[in-house]
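Right, one structure below, let's go through it.
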Amino acid sequence: MTLPATFRTALLAAAALALTACQPGALPGAGVVNRAGFKANYLVARAALEKGQYGRASRQYAGLLPKAGPLAPRIRLEYAHSLLREGKFEKASEEARVVASQLDGRGRSAALAVQATADQEIGRAAINRSEMTAEAVQRLVAARDAFDEVLTKHPDLDPLGGLKLRRKTLDVELSTIR
């Protein structure tokens with residue numbers, strides 16, 4: 001059985017169209033597919049973060065950053081948070097500092113909370129190893145200053161008082177090394 005020529009032509013055109021659509025940006029509206037893929041990957045990252053799968057969340061967020069466009073600060077902040085939860089304090093602090101330098105208002109305060117927590121953990125680790133370097137002291141001072149800014153400008157970001165408690169312990173930690 002042979003197919004009519006017009007049906008074969010239509011079938012080949014549909015197959016070519018389907019293959020072309022697989023190429024990013026090849027067709028008008030292809031960005032919709034890319035946005036849908038970005039959203040799906042974001043939801044995977046967010047779910048992993050919420051489930052405590054911090055390594056997976058960090059990998060997902062890192063993969064989203066190059067494609068994030070105007071969402072980059074938000075994605076980077078969530079990436080920094082996943083790194084913090086994963087115990088990668090140096091990288092978490094670095095990523096949060098980038099966000100804090102790009103935003104103002106609540107976004108900046110949210111980034112400062114992550115950065116301060118990471119810096120405090122870096123300083124604590126140095127105290128526990130009895131390796132109090134000038135850099136470790138600077139991390140603790142930076143954490144104190146960041147917590148102060150968050151608690152002054154956006155105390156609502158600390159509904160359970162965890163940041164306030166961390167800020168108080170910084171005074172004790174700094175007093176042991178000065």
Side-chain angles (χ1 to χ4, degrees), residues 38-39 41-178:
F38 183 89
K39 182 179 179 181
N41 288 334
Y42 170 77
L43 293 174
V44 169
R46 187 74 197 165
L49 180 62
E50 290 173 2
K51 290 178 185 174
Q53 300 168 342
Y54 306 122
R56 181 175 188 201
S58 294
R59 288 187 301 277
Q60 286 290 128
Y61 285 124
L64 288 169
L65 274 173
K67 303 171 246 169
L71 297 174
R74 177 187 177 134
I75 299 299
R76 189 174 305 279
L77 178 58
E78 291 188 34
Y79 177 44
H81 185 239
S82 67
L83 291 165
L84 177 69
R85 301 293 294 224
E86 192 179 357
K88 295 184 175 179
F89 304 123
E90 290 282 348
K91 185 71 174 157
S93 175
E94 177 185 318
E95 294 294 335
R97 281 179 201 281
V98 170
V99 177
S101 72
Q102 295 173 339
L103 300 178
D104 54 10
R106 290 178 58 82
R108 174 177 166 79
S109 289
L112 287 175
V114 173
Q115 175 252 302
T117 302
D119 284 344
Q120 185 177 26
E121 291 301 326
I122 292 166
R124 283 180 173 172
I127 290 171
N128 291 337
R129 290 188 314 265
S130 298
E131 297 176 2
M132 282 315 300
T133 63
E135 181 186 347
V137 172
Q138 178 53 39
R139 291 284 189 154
L140 292 173
V141 170
R144 182 193 62 203
D145 294 346
F147 282 136
D148 285 348
E149 183 176 332
V150 172
L151 293 169
T152 299
K153 293 184 177 180
H154 293 97
D156 57 307
L157 291 177
D158 189 29
L160 301 177
L163 298 180
K164 195 175 207 177
L165 180 60
R166 278 186 167 275
R167 171 56 182 90
K168 285 182 182 179
T169 62
L170 272 166
D171 287 335
V172 173
E173 292 163 345
L174 284 167
S175 72
T176 64
I177 57 174
R178 288 189 171 177

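Residue numbers start at 1 and run along the sequence shown. Just so you know, these numbers use all the heavy atoms, side chains as well, and skip hydrogens, waters and symmetry mates. Model, not experiment: these values are computed from the prediction.
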Minimum heavy-atom distance between L112 and A146, given as atom pair plus value: O-CB, 3.9 Å
Side-chain donor or acceptor of S175 paired with backbone N/O of V172 under 3.5 Å: yes
Distance in Å, T176 OG1 paired with I127 CD1, rounded so as to fall on 0.5 Å steps: 4.5 Å
Heavy-atom side-chain proximity of L163 to L151 below 4.5 angstrom: yes
Full working for side-chain contact (heavy atoms from CB on, under 4.5 Å) between E95 and V99: CA-CA 7 Å; E95 294 294 335; V99 177; 5.9 Å; no
Any pair counted as salt bridge (Lys or Arg N to Asp or Glu O under 4.0 Å), so long as it reaches residues 53-68, sequence neighbours left out: none
All salt bridge (Lys or Arg N to Asp or Glu O under 4.0 Å) counterparts of D171, not counting sequence neighbours: R167
Residue pair T117 / F89, side-chain heavy-atom distance below 4.5 Å: no
Contact check, side chains of L71 and Y42, non-hydrogen atoms, under 4.5 Å: no
Considering all heavy atoms, the nearest S58-Y79 contact: O-CE1, 3.3 Å
Approximate separation, where rounding is to 0.5 Å, of K91 NZ and E86 CD: 11.5 Å
N/O donor-acceptor pair under 3.5 Å between S93 side chain and E90 backbone: no
Nearest-0.5 Å distance that lies between atom CG in L165 and atom CG in L160: 11.5 Å
Carboxylate-amine/guanidinium proximity below 4.0 Å for R97 and D119: yes
Candidates R139, R166, K88, R85 - the one meeting salt bridge (charged side-chain N to carboxylate O under 4.0 Å, His left out) with E121: R166
Under 3.5 Å side-chain donor-acceptor pair for Q120 and T169: yes
Closest non-hydrogen atom pair between S109 and L157, with its separation: CB-CD1, 3.5 Å
Close side-chain approach of F38 and I75, heavy atoms under 4.5 Å: yes
N128 CG: over 12 foreign heavy atoms closer than 6.0 Å: yes
For the student: nearest non-hydrogen atoms of H81 and L49, plus distance: ND1-CD2, 3.7 Å
From CG (L64) to CZ (R74), nearest 0.5 Å: 11.5 Å
S82 OG to R46 CZ distance, which is reported to the nearest 0.5 Å: 10.0 Å
Shortest non-hydrogen separation from L83 to A92 and the atoms involved: CB-CB, 3.8 Å
Distance, nearest 0.5 Å, that separates CG of L77 from CD of Q115: 11.5 Å
Smallest separation among heavy atoms of E173 and L140, with atom names: OE1-CD2, 4.0 Å
